[in-house]
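Reviewing the structure listed below.
Worth knowing before you read on, the calculation uses all heavy atoms, side chains too, and leaves out hydrogens, waters and symmetry mates. All chains are named by letter (A, B, ...) in the order of the sequence lines, taking the proteins before the strands, and each is independently numbered beginning at 1.
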2 protein chains.
Amino acid sequence: MPLGTDYARQDCSLARALEIVGERWTMLILRDCFLGVRRFTDFQAHLDISRAVLSARLEALVADGLLTRTGSGHPSYELTETGIALWPAMFALLQWGDRLTTPGAPRRLYRHVGCGDLGPDGRCEACGRHPAPRDVEARPGPGADPTLRDDAVSVALRQPHRLLEPLALR
Amino acid sequence: MPLGTDYARQDCSLARALEIVGERWTMLILRDCFLGVRRFTDFQAHLDISRAVLSARLEALVADGLLTRTGSGHPSYELTETGIALWPAMFALLQWGDRLTTPGAPRRLYRHVGCGDLGPDGRCEACGRHPAPRDVEARPGPGADPTLRDDAVSVALRQPHRLLEPLALR
DNA sequence: CTGTATCCTTAAAGATACTG
DNA sequence: CAGTATCTTTAAGGATACAG
């Protein structure tokens with residue numbers, strides 16, 4: 001939260017959640033984690049964020065237990081179970097944004113691997129379950145705009161890819 | 001989003017959603033709307049927010065189509081269908097915050113009216129459905145902290161109350 | 001009651017340069 | 001590659017006073 005003040009005097013779980021993930025850039029960093037981004041430079045190029053801010057956010061996310069940082073030479077950031085548990089919230093928000101801003105043309109499509117596509121409520125249209133992100137594959141949808149960015153991550157995201165698996169960059 | 005810059009160069013529905021609901025206080029204002037707060041002064045007292053900021057946020061939410069403002073003398077702010085559609089995302093985030101910060105002791109409990117309690121995934125434990133917020137009743141849970149605030153809204157929230165219905169204030 | 005208008009402080013974020 | 005260290009800009013937010 002900007003400006004020092006937080007939501008400490010709100011007796012509310014939403015306020016608690018937002019104190020952790022409500023800061024600018026934080027949710028987008030976590031989104032990238034779900035999409036398979038793991039390296040500092042890849043986050044930075046894809047988000048177009050300053051290194052200082054990225055560094056601070058990653059550090060906070062590790063301290064709050066949503067990310068692990070492994071490998072001192074070339075660190076890799078990965079979601080913990082706590083971070084992965086954010087998936088339903090992230091998916092719901094993402095779907096809301098999609099339907100609000102580009103009705104009928106989702107920017108990205110999600111599929112229960114080996115089963116069916118996910119509906120707006122996150123349920124697999126074939127089996128009716130809510131698959132865990134590990135069992136979900138993402139791919140560009142009709143609303144995607146490939147002209148917006150062309151960093152390595154954005155290019156890699158144009159191929160179908162399984163969530164939480166490291167992206168195939170080059 | 002603070003500091004002028006937005007997420008415009010992110011081809012991502014989550015970024016679009018956060019441009020609307022990602023600003024400081026905005027989600028908490030919407031939470032209050034779900035809980036039945038409708039008046040400027042009630043928002044202000046419950047959130048402990050400056051009037052200028054509250055005014056700006058309400059205006060933006062009306063402009064973005066999440067709230068309606070009715071009654072010029074004593075305006076009443078109410079969620080539109082677009083705003084109500086945010087419920088699954090808000091509930092998921094709220095549950096995540098609850099389980100992360102006070103495991104085993106939710107601050108607030110939600111019940112499918114005339115049916116069963118809601119589980120962490122928003123499904124009614126009795127009928128298995130995801131009830132719409134109009135059919136949900138909220139009440140304080142074991143993790144609630146009644147010492148934190150004692151404005152009129154906080155006091156009213158100590159009684160069971162149906163979502164989206166105006167709170168019984170006095 | 002529901003705001004608007006100013007003023008002021010603070011800090012968040014970008015730019016840039018530097019380091020192991 | 002993965003940061004840290006400064007520096008500067010800007011604007012967000014609180015406080016206060018005023019208005020319809």
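- A donor-acceptor contact shorter than 3.5 Å is absent between the side chain of E137(A) and the backbone of L163(A).
- The shortest heavy-atom contact between P140(A) and L109(A) is O-CD1, 4.2 Å.
- The CG-P distance, from L28(A) to dA13(C), rounds to 12 Å in whole Å.
- For S50(A), the listed nucleotide lying nearest its side chain is dG14(C); candidates were dG14(D), dA2(D), dG14(C).
- Separating the CZ atom of R57(A) from the C1' atom of dA13(C) is a distance of 9 Å, rounded to the nearest angstrom.
- Here the C1' atom of nucleotide dG3(D) and the CG atom of L47(A) are 16 Å apart, to the nearest Å.
- Nearest nucleotide to the side chain of I49(B), out of dA2(D), dG14(D), dT2(C): dG14(D).
- L54(A) places its CG atom 15 Å from the C1' atom of dA12(C), with the value rounded to the nearest Å.
- Under the 3.5 Å distance criterion, the side-chain polar atoms of R39(B) are left unmatched by any main-chain donor or acceptor of S76(B).
- Residue-to-nucleotide proximity on DNA chain C shows that, of G73(A) and D48(A), the 5′-proximal contact is made by D48(A).
- Between the C1' atom of dG14(C) and the CZ atom of R9(B) lies a distance of 16 Å, rounded to the nearest Å.
- Around atom CD of E125(A), more than 12 heavy atoms belonging to other residues, nucleotides or ligands sit under 6.0 Å away.
- Using the six-membered ring where Trp is involved, Y110(B) and F91(B) have ring planes that are perpendicular, over 60° apart on the 30 and 60° scheme.
- Partners of V155(A) according to the side-chain contact (heavy atoms from CB on, under 4.5 Å) rule, which considers only residues two or more places apart in sequence or in another chain, are R158(A).
- If you take CD of Q44(A) and C1' of dA15(C), they are 12 Å apart, rounded to a whole angstrom.
- Between L169(A) atom CG and dC1(D) atom P there is a gap of 12 Å when expressed in whole angstrom units.
- Taking H130(B) as the reference, H130(A), R123(B) meet the side-chain contact (heavy atoms from CB on, under 4.5 Å) condition, with sequence neighbours excluded.
- Between dA2(D), dA13(C), dG14(D), one nucleotide has an atom nearer to the side chain of W25(B) than all others, and that is dG14(D).
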Every protein N/O lying under 3.5 Å from an N/O of nucleotides 3-6 of chain C:
{"residue": "dG3(C)", "atom": "OP1", "partner": "R69(B)", "partner atom": "NH1", "Å": "2.3"}
{"residue": "dG3(C)", "atom": "OP2", "partner": "Y77(B)", "partner atom": "OH", "Å": "2.7"}
{"residue": "dG3(C)", "atom": "N7", "partner": "R51(B)", "partner atom": "NE", "Å": "3.1"}
{"residue": "dG3(C)", "atom": "O6", "partner": "R51(B)", "partner atom": "NH2", "Å": "3.2"}
{"residue": "dT4(C)", "atom": "OP2", "partner": "S55(B)", "partner atom": "OG", "Å": "2.6"}

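- For the pair R24(A) CZ and dT10(D) P, the computed distance is 15 Å after rounding to whole Å.
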